[in-house]
There are 2 protein chains.
Amino acid sequence: MAGAPNIREVALRAGVSVGTVSNVLNRPELVAEPTRERVFAAIAELGFVRNDSARQLRVGRSRTLGLVVLDVANPFFTDVARGVEDTANQHGLAVILCNTDEDPRKEASHLDLLAEMRVQGVLINPIDTDGRITALRDRGIPVVLFDRLGDPAVECSVAVDDVLGGRLAATHLVEAGHRSILFVGGPLTLRQVQERYEGASAVVSARDDVELTILTTTALNVAAGRAAGDRLATADRDALPSAVFCANDLLALGVLQALTHAGLRVPADVAIVGYDDIDFAAAAAVPLSSVRQPRQQLGRTAAELLLAETTEDEHEHRQVVFEPELIVRDSSVR
Amino acid sequence: MAGAPNIREVALRAGVSVGTVSNVLNRPELVAEPTRERVFAAIAELGFVRNDSARQLRVGRSRTLGLVVLDVANPFFTDVARGVEDTANQHGLAVILCNTDEDPRKEASHLDLLAEMRVQGVLINPIDTDGRITALRDRGIPVVLFDRLGDPAVECSVAVDDVLGGRLAATHLVEAGHRSILFVGGPLTLRQVQERYEGASAVVSARDDVELTILTTTALNVAAGRAAGDRLATADRDALPSAVFCANDLLALGVLQALTHAGLRVPADVAIVGYDDIDFAAAAAVPLSSVRQPRQQLGRTAAELLLAETTEDEHEHRQVVFEPELIVRDSSVR
DNA sequence: CCACAGTACTGAATCGGTTCAAAGACGGGC
DNA sequence: GCCCGTCTTTGAACCGATTCAGTACTGTGG
């Protein structure tokens with residue numbers, strides 16, 4: 001009894017039927033003023049809290065939305081999450097944040113869980129487009145891809161033009177006089193990584209006096225960056241590239257740390273350009289040049305597309321592409 | 001029909017009763033091998049996904065756990081979250097991450113939502129201990145405080161000794177010869193901020209040749225730190241403290257950026273010590289001295305205490321206190 | 001041949017809101 | 001006094017999985 005009063009006890013206390021209590025909660029305009037107040041009083045006295053499972057069971061869907069990201073520790077994703085949350089909260093929805101650590105198995109198990117929860121929709125930065133996403137959609141749960149373009153026939157997506165971003169970074173480095181550029185990033189199965197490389201590659205292959213090599217990493221975090229930096233620092237000094245372009249800022253910060261630690265100077269010995277322009281890029285040991293993406297807006301837009309898909313009768317899938325912007329700081333100018 | 005097959009349709013297809021399907025799902029050892037296989041086959045063919053609301057409604061509680069933090073964009077909290085997630089996932093629980101932005105209203109609305117969801121428990125770094133936490137507990141939902149000690153009579157809590165942390169930082173600065181120290185942090189209603197100040201204050205007031213002043217901020221992020229740094233930089237040069245101790249690393253990074261931008265040298269003109277030792281502290285423009293906390297372990301321990309509270313018959317509330325550790329880097333040594 | 005234990009399975013009651021057809025109350029117009 | 005429309009309230013059906021008392025069947029020991 002003390003445990004959790006239900007709607008029946010509230011009805012009893014207020015001297016009305018359960019239907020009326022439910023109406024007070026969901027469509028208060030249907031209930032006469034004095035009755036409404038009696039019900040509110042009863043709710044307050046008993047400390048009644050609606051049981052969301054029961055509500056969901058009847059209504060068929062929940063008031064939550066799933067957000068599946070590669071790495072919560074990456075400020076890029078927390079900024080996107082912030083944008084998603086803003087929009088979701090405005091519409092009375094809660095966000096369930098799931099972390100995949102770039103592991104397809106974790107991704108799968110999170111998606112299964114979200115399916116069981118009957119979330120209103122899922123925002124995901126997918127690792128591999130395996131069948132599970134299609135399965136969700138078949139079950140009537142809309143899925144919006146973010147930071148990755150999808151097939152406009154079946155899904156909405158929001159992305160930033162990663163090829164352009166790669167091109168911006170490479171163009172900047174080439175124009176600054178660099179002739180041997182190393183791309184650090186991975187795993188290459190991540191589309192973002194691949195496309196950023198592709199953009200850089202396009203710029204370089206248009207000229208025959210610039211060399212682009214690649215050093216793949218197993219993850220996109222600071223530790224992986226440090227490891228890559230250490231490899232560079234211990235390698236043959238002549239083999240050292242004159243510039244490094246990293247697939248994201250965490251890698252760049254790691255590389256920067258390792259190179260500095262090994263006594264190399266940035267940008268004098270090696271220039272660095274990162275990607276994402278997270279807040280910490282500007283505060284780095286050597287302020288980091290980086291390709292900026294509209295992070296919060298990415299999240300907001302993704303959430304809006306998802307909401308549109310759940311509410312519109314005639315929904316047409318949209319692809320939104322934002323343009324990245326190069327921010328030049330000390331790490332790439334001699 | 002295509003929408004979402006339920007357990008009844010699975011039962012029909014497999015030629016068994018709904019009870020048996022449920023048993024296959026929840027206590028497979030009770031079901032004979034061949035039957036079990038028929039049921040699994042039916043589940044696969046129909047693409048059946050259990051409806052978690054129905055399950056929750058019947059069972060009375062969910063398989064989720066709420067984590068309420070001040071700021072998801074702060075790496076300190078994402079690291080704690082990682083620890084919580086590890087432990088929760090090991091026990092088949094999902095984590096709902098809620099962000100309060102240090103706003104009591106958002107905190108309240110998130111707690112209301114978690115109560116409606118009948119989460120198994122809540123891990124919270126509370127802003128104000130208003131009645132809502134007690135209300136949750138009255139309703140049978142255990143609440144564990146983290147990064148903050150609670151009343152051991154009613155709740156478990158995990159914290160790091162913030163007074164000691166403040167003391168470590170201040171002692172270090174005083175021993176390095178600093179005689180005018182500025183504490184930057186706020187709002188002071190946050191216990192962490194208050195206690196870190198208290199620790200520093202205790203060290204300073206034990207001597208009569210050191211002066212400690214305070215500059216309160218409205219938040220604990222990089223932007224607030226930059227604002228504080230700007231105020232310092234534009235103030236009278238004689239009024240400049242010789243060292244700044246910040247309530248967390250985000251503030252410290254902001255202060256560092258603003259001071260450097262204004263042409264002041266760190267640590268020559270002003271020394272800085274931060275708090276949390278987030279990954280980015282080591283990668284800062286001037287590698288930041290900081291007070292390190294065992295972040296992931298904090299999260300893991302908090303989750304374990306919560307799980308203990310939900311499973312043990314005779315639960316005794318525990319208080320776990322970790323000790324912080326001072327990491328000295330360039331920002332505080334001349 | 002019966003009693004009994006053990007195993008495998010059944011099916012109806014149950015959790016707690018939401019919804020909607022229908023009943024009731026009330027006032028105005030004729 | 002009666003009819004009709006509007007506003008308010010009622011109460012039972014319903015969502016889908018879980019649970020448990022009970023049935024059916026098999027094998028064992030006396």
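Because the structure is a prediction, the values reported are computed rather than measured.
One side chain, A:Q56 or B:S53, offers a donor N or O that lies under 3.5 Å from an acceptor on the other. Under the 3.5 Å distance criterion, with hydrogens and angles disregarded, a donor-acceptor pair is assigned to the side chains of B:Q192 and B:N125.
Take B:Q293 and apply the side chain to side chain donor-acceptor pair (under 3.5 Å) test, not counting sequence neighbours, and it matches B:D276. With sequence neighbours excluded, the residues that form a salt bridge (Lys or Arg N to Asp or Glu O under 4.0 Å) with A:E312 are A:R318. By the side-chain contact (heavy atoms from CB on, under 4.5 Å) test, A:E304 is found to be paired with A:T87, A:R300, residues two or more places apart in sequence or in another chain being considered. For A:T64, the side chain to side chain donor-acceptor pair (under 3.5 Å) criterion is met by A:S62, not counting sequence neighbours.
Across its full length, the helix from C:dC1-D:dG30 to C:dC30-D:dG1 shows an angle of 60° between the axes of its 5 terminal pairs at either end, rounded to 10 degrees.
In the 5' to 3' direction, nucleotides of DNA chain D lying under 4.0 Å from heavy atoms of chain A begin and end at D:dT8 to D:dG16.
Among pairs with a residue in residues 31-40 of chain A, none fulfils side chain to side chain donor-acceptor pair (under 3.5 Å), at least two apart in sequence or across chains. Residue pairs meeting the ring-ring contact (aromatic ring centres under 6.0 Å, His included) criterion with at least one partner in residues 136-158 of chain B, sequence neighbours excluded, do not occur; the list is empty. For residues 22-44 of chain B, no residue pair satisfies the ring-ring contact (aromatic ring centres under 6.0 Å, His included) rule, not counting sequence neighbours. The stretch residues 14-29 of chain A participates, sequence neighbours left out, in these side chain to side chain donor-acceptor pair (under 3.5 Å) pairs: A:S17-A:T20, A:S22-A:N26, A:N23-A:R27, A:N26-A:R50, A:N26-A:R55.
Within the 4.5 Å cutoff, side-chain heavy atoms of B:R82 are placed close to those of A:D101.
With salt bridges taken as basic N to acidic carboxylate O contacts below 4.0 Å, none links A:D138 and A:R132.
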Could you write out each protein N or O paired with an N or O of nucleotides 20-26 of chain C at a distance under 3.5 Å?
none

Name the pairs: protein N/O against N/O of nucleotides 15-17 of chain C, kept only if under 3.5 Å.
from	atom 1	to	atom 2	distance (Å)
C:dG16	N2	A:A54	O	3.4
C:dG17	OP2	A:I7	N	2.5

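Residue contacts shown for B:V21 are absent, as no nucleic acid heavy atom lies under 4.0 Å away.
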